[in-house]
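Worth saying up front: this structure is predicted, and the values here are computed from it rather than measured.
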Amino acid sequence: MISQFFILSSKGDPLIYKDFRGDSGGRDVAELFYRKLTGLPGDESPVVMVTCGGHHDDRHFIHIRHSGLYLVATTSENISPFSLLELLSRLATLLGDYCGSLSEGTISRNVALVYELLDEVLDYGYVQTTSMEMLRNFIQTEAVVSKPFSLFDLSSVGLFGAETQQSKVAPSTAASRPVLASRSDQSQKNEVFLDVVERLSVLIASNGSLLKVDVQGEIRLKSFLPSGSEMRIGLTEEFCVGKSELRGYGPGIRVDEVSFHSSVLLEEFESHRILRLQPPQGELTVMRYQLSDDLPSPLPFRLFPSVQWDRGSGRLQVYLKLRCDLPPKSQALNVRLHLPLPRGVVSLSQELSGPEQKAELGEGALRWDLPRVQGGSQLSGLFQMDVPGLPGPPGQGHSTTAPLGLGPASLSFELPRHTCSGLQVRFLRLAFRPCGSTSPHKWVRHLSHSDAYVIRI
Amino acid sequence: MGSGLRDRALWKVALGATGSRPGRGRSPCSGDRKKEAAALPGGPAGSANRANRPPERHSSPRAGAGAEAGHSKRALPGADRPKQRISDGRRAPGRGSCAAAPRGAAGEGAGRSASGRRSALGAPAGGGGGGARLGAVGPEEAGLPQGAGRGLSGRVAARRRSDGGPGREGAAPWGGEAGSGAEGLGVAGAVSGRSEPACGPQEGTAGAGAGLAGPWSLGCGPGEAEAGPTSRLGALRRPTFASPRFPRQGWEEPAGTAPGRETMPYLGSEDVVKELKKALCNPHVQADRLRYRNVIQRVIRMPKLDQWGQAEVLNFLLRYQPRSEEELFDILNLLDSFLKSSSPGVVMGATKLFLILAKKFPHVQTDVLVQVKGPLLAACSSESRELCFAALCHVRQILHSLPGHFSSHYKKFFCSYSEPHYIKLQKVEVLCELVNDENVQQVLEELRGYCTDVSADFAQAAIFAIGGIARTYTDQCVQILTELLGLRQEHITTVVVQTFRDLVWLCPQCTEAVCQALPGCEENIQDSEGKQALIWLLGVHGERIPNAPYVLEDFVENVKSETFPAVKMELLTALLRLFLCRPAECQDMLGRLLHYCIEEEKDMAVRDRGLFYYRLLLAGIDEVKRILCSPKSDPSLGLLEDQAERPVNSWASDFNTLVPVYGKARWAAISKYQGAEHRGPELPNTASFASSGPLIPEEHKETVQEPDSGALMLVPNCQLTAEYFEKTWFSLKVAHQQVFPWKGAVHPDTLQMALQVVNIQTIAMSRAGAHPWKAYLSAQDDTGCLFLTELLLEPENSEMQISVKQNEPRTETLNGFISVLETVLGTIGDIKS
């Protein structure tokens, strides 16, 4: 029941446009959409928008933003927003699978493929199928990849791909190639990427007490194996679901809620915590879980701020001590502390504990970048600022109360090889018999990153 | 209990006979039924029978006897609806075992006995229940083939059923009946396994699954249910057999009539499409519950059906109206697994279907909403912002009916730094609505953090939210707001002052605190809204604020450079009010202000206002007092605004559509616009069957399907001229008339304002104290249906007579309208009396 579907670049240029029903408007809807989006009043949400174009021409725009692109569907019916949003994200995943990755470049290089895909996925606005297996029978066009895939491209390590031993490093581009290898290419690699990704949102009160902890975890699988090859994923045996279950010794690894992809077979889950599945090619979220309020391990970071504020001279001194409570062997990457400052801060002088750190002012906030923080270490920064015209209640002298607009501090970071819930993948076994060539490569990775790690000051 | 029941009993008898003797019976849709009946002797049913009854009871001749027994039982007036029977069995398996003997429900264990009963049902629809009931009454009577004992038991059952009682919450949520967990469990497994032999292997597994963890858990409280993948206990309900004697009423519109749907959606596999087409096109299927059920089973549980197909089918099922409670619960149990789907679209589709089907069972609706809490919360913290937004909108929708529903999860709705603006705003709204005694402290703490956010818009939204909470938790909120004034930030101060103004109007008890907080904040207000609010406060409550005249004096000094006419008007009024209570301090500047406004002001409205006040002053101070000293607060408005707790049914049909995402008000505007564009032939289009009430009561089924029969939405700004009203009023008949108790006189202004809040317009109204007092009201809903109302109050009988006329005869919306009207009148009445 989608009338039209189109993809816009982040600047609003239409990349793909498809009309399924021919019941409304023309190509200019894309432009209309972008105009509406940019001219939206502040209190309205952009997710769903409506145009009331005079003559029987009113439609709803529903869009998602995915890697800088707008994927927009229009409909003139009052349909389920959940299904439609789900469909759009599924389309994004599919396009990513087929084109290698989803970006303006890949889309514009693969226009024919994208149209072919849309033709198969949607008919007259109704979803036909989004499954990789079904689609692969119909899709003839091959993806154009920007540069040939090279194993020696070790420049950086992206989301998929492990970084355990130098010899077995999968480069970041390993996962960003089309899932369906070209038909001529017989030597396609059999690879499986399994990621355990956790998003951590934390709120710490100014007195250091923990107000909220929330972990959203996912086990994501990207498989390049032929469809239907069975695999078994073993999770930590002490994995408990719900508040009451007790397994193994000690506190175990406890999550509040788990949901599985519908293709996962769970007969061994109760007894051995093994998930069995026959994944289709492409990306798939095998399992989702949530955990709140009760983390088994200490929080990765603690911040001890102290603020000195001299109202008379308008000098503000902030001393931040950041302690990383990870186990000594782990480390946190790309740590960035973001501290909103009062209006009118003019100068900044800083004393940082390490040379590789960097601190700067920008957009009314202090940014402190710490590229790498080793577990168990402690870092500090002393920042002095002048806040000339800061209004405040009368009263002179030093005070330790924070002025208005300072804080709360938020941290963003990545923790490779660390899951906050403690969940680990014990093994990944494939029942796949390679026909002659190499045995399949399996890449398993654990990663936590911050969703919102907020510390009030 | 008249003939209707007897009729049913009769056809059930006939059916029973058919069922148990497959060879002979008349079988309207015999294929499946025969299979089912044939399947009876084997399986758990057999073993169940064996337990208590001598084996010879089993052989085929006795099937006839059994049928007979079931028969006579049915014919008894007391024989209750089939619903009871299962529950009884579940509740008292032991008893049931001997009781149900004639029909062969026996019990080695709970599961067994129930399965026996299940099998019984395969034959004459439901002898078992009566039997089980019997058992409850007295096992020794069980042996009697029929008679008084049964009648009694039936009655008992009926009574039991109507009581409900705590047991209801037991094991079969959908049934609304009880049973201890374990028993229910066994039953569920056995029952589902047995009852659906026609449906192929996947049914079997489904049954087994249900046996392990049946579809509906009652056992676990709401807390548990959301806590995880807890298995749900419960039981399936028996299938029922449709009789051709029932007029067809199931599908509201055959497929062909849906315009715009030339093609069937492709649902993932050819079979599905074929099956659905069959269901849609074949009138027999439409008339036949059993086939309908099979359609559900085959289509819905088809493993090939992907999530899109499932969502489509769920949407499609909205068009079917179950004929009986039993069938309804049957469907609910069949569809239960969708509530646990991993796709939010499917979960929400199922939720909507459940909410609409269980229209008359609020406890079922509540259960569903408890179930959907988990998925909704997960979606709220989803990585996809857009999904998160849609989920938040739906959370708000649910909170309107069940204010406490998400209170324990308030932390999930705390905003994080990186979220986009629109999500933060929604979250603040949600926080504002779920606040309760336990979490108010934390929520306010959090909201206070937002007030100093870098984004001024967001900060202001947070302050307004605190203002909203202040209506309930006044003291804490006023304190926080006062502290915010200390920050001396322009954008904060102006919003705080506006919040104070609204708060003082609604909650007079906080006036003192507000008055103490106000001095000093005039320095930080620059915008029109904030100034107006401050001046209003100073004018109305000036006698409590020591420096009020001096603040106003500053404004008067600077009036020449004031750019907003609205501020000048407000200043005039405020100063005149203050003059009444503090004349000495104000006289001079009032003179100056009036002089300026009359002589120099270029804005005509301000000038006229100045002249008006001038002349008013000439008329004498008493006259001024009479006109300007209106009440300083109106708590009733607050009461009206959060009458809240709207019934679930009022929005069930909007669930999982774009309506909550847009917000009801915006949607009304949109649909009004669209309605003007195309109305009429397009009404029963494909879109409307998602949103339209498929559950039109039976008497309506032949009429054209009307959209949105369930929820009433009155459009704002429906302006009717008095002439048009009069013409319409005389051309219509009274659709509804009732008498409303009323004490004392009416305050027309209050009433008019109150009615305005719910979008009912006043056409004409008598003056206060007139005898008899009359008012004419009009309202229009979003489909264009007009409601014309006359209120007639005759003080001597202290009754208000309400007559409503409607230009399109629709009972549902009429009832909705009347309940709205009653709420308003009730609220006003309460305040006045």
Side-chain angles (χ1 to χ4, degrees), chain A residues 1 42-48 50 52 56 58 60 63-65 77-83 85-87 89 123-124 126-131 199 201 203 211-212 214 216 241-243 256-262 288 290 292 338 340 364-365 391-393 404-405 408 410 451-452 454 456, chain B residues 226-230 263 265-266 268 306-308 311-312 315 341-345 347-349 374 378-379 381 383-387 389-391 411-412 414 416-419 421-422 425-426 442 449 452 454 457 486-489 656-659 661-662 670 673-674 677-678 686-687 690-691:
Chain A
M1 295 156 300
D43 55 341
E44 279 180 28
S45 90
V47 178
V48 179
V50 70
C52 295
H56 198 262
D58 34 56
H60 309 281
H63 83 279
I64 62 167
R65 267 203 91 164
E77 292 175 6
N78 190 7
I79 64 171
S80 156
F82 290 98
S83 295
L85 290 171
E86 233 183 319
L87 174 65
S89 17
D123 181 28
Y124 201 59
Y126 292 101
V127 185
Q128 307 220 37
T129 178
T130 54
S131 93
R199 288 185 297 137
S201 44
L203 179 63
L211 291 179
K212 165 190 165 186
D214 214 357
Q216 307 276 329
V241 178
K243 300 254 184 254
D256 293 340
E257 200 167 325
V258 178
S259 63
F260 300 96
H261 189 265
S262 54
R288 281 201 177 93
Q290 281 113 46
S292 48
H338 182 104
L404 161 77
S410 59
D451 188 28
V454 179
R456 291 194 188 141
Chain B
E226 95 220 22
T230 48
T263 52
Y266 180 84
D306 60 7
Q307 50 167 319
W308 320 113
E312 198 69 43
N315 196 14
S341 164
S342 65
S343 144
V347 175
M348 297 305 152
S381 44
E383 225 169 342
S384 154
R385 306 291 189 207
E386 292 82 9
L387 195 63
F389 176 75
K411 284 182 183 170
K412 294 257 182 194
F414 284 0
S416 80
Y417 176 73
S418 52
E419 277 165 343
H421 195 59
Y422 58 89
L425 291 182
Q426 283 295 329
Q442 288 86 339
T452 50
V454 204
D457 282 346
L487 298 175
R488 302 179 174 223
Q489 292 280 307
N656 196 26
T657 66
L658 297 178
V659 181
V661 182
Y662 278 113
I670 293 167
Y673 190 90
Q674 291 183 338
E677 282 295 330
H678 43 92
T686 43
S691 56

Problem - A:D256 side chain to A:S292 backbone, donor-acceptor under 3.5 Å - result: yes
Practice task
Pick one of side chain, backbone, both or neither for A:E86, based on which atoms fall under 4.5 Å of a heavy atom in chain B.
Solution key: both
Handout entry: Max heavy-atom pair count under 4.5 Å with chain B, selected residue of A:P81, A:A452, A:S259
Key = A:P81
Handout entry: Heavy-atom proximity to chain B below 4.5 Å, by part of A:S131
Key = neither
Completion exercise
Assert top hit (heavy-atom pairs under 4.5 Å, partner chain B, pool A:H63, A:R199, A:R65) equals A:R199
Handout entry: Nearest-0.5 Å distance that lies between atom CZ in A:R456 and atom CG in A:L211
Key = 5.5 Å
Exercise for the section: Kindly assign one of parallel, tilted or perpendicular to the pair B:Y422 and B:F389, based on the angle between their ring planes and the thresholds 30° and 60°. Expected result: perpendicular
Exercise for the section: Measure distances from B:E419 to the heavy atoms of chain A and classify the residue's part below 4.5 Å as side chain, backbone, both or neither. Expected result: neither
Practice task
Indicate the atoms forming the closest heavy-atom contact of A:S83 with B:W308, along with that distance.
Solution key: O-CZ3, 3.6 Å
Problem - Proximity breakdown for B:V347 and chain A, heavy-atom pairs closer than 4.5 Å - result: neither
Problem - Interface moiety of B:S341 toward chain A, non-hydrogen atoms closer than 4.5 Å - result: neither
Practice task
List the atom of B:L658, the atom of A:E77, and the distance in Å for their closest heavy-atom pair.
Solution key: CD1-O, 3.8 Å
Handout entry: Contacting moiety of A:I79, where chain B heavy atoms sit under 4.5 Å
Key = backbone
Practice task
Answer with side chain, backbone, both or neither: which region of A:S410 has an atom nearer than 4.5 Å to a non-hydrogen atom of chain B?
Solution key: side chain
Practice task
Identify which part of B:A390 has an atom lying under 4.5 Å from any heavy atom of chain A, answering side chain, backbone, both or neither.
Solution key: both
Exercise for the section: Could you have a look at B:A391, B:G349, B:G449, B:S343 and say which one has the most heavy-atom pairs with chain A under 4.5 angstrom? Expected result: B:S343
Practice task
Give the member of B:Q307, B:Q426, B:R385 that has the highest number of heavy-atom pairs under 4.5 Å with chain A.
Solution key: B:Q307
Exercise for the section: State whether A:D214 and B:K412 are salt-bridged, where the test is any N-O pair (Lys NZ or Arg NE/NH1/NH2 against Asp/Glu carboxylate O) under 4.0 Å. Expected result: yes
Handout entry: For the student: nearest non-hydrogen atoms of A:H261 and B:S342, plus distance
Key = CA-OG, 4.4 Å
Handout entry: Which atom of B:M348 lies closest to which atom of A:F82, heavy atoms considered
Key = CG-CD1, 3.3 Å
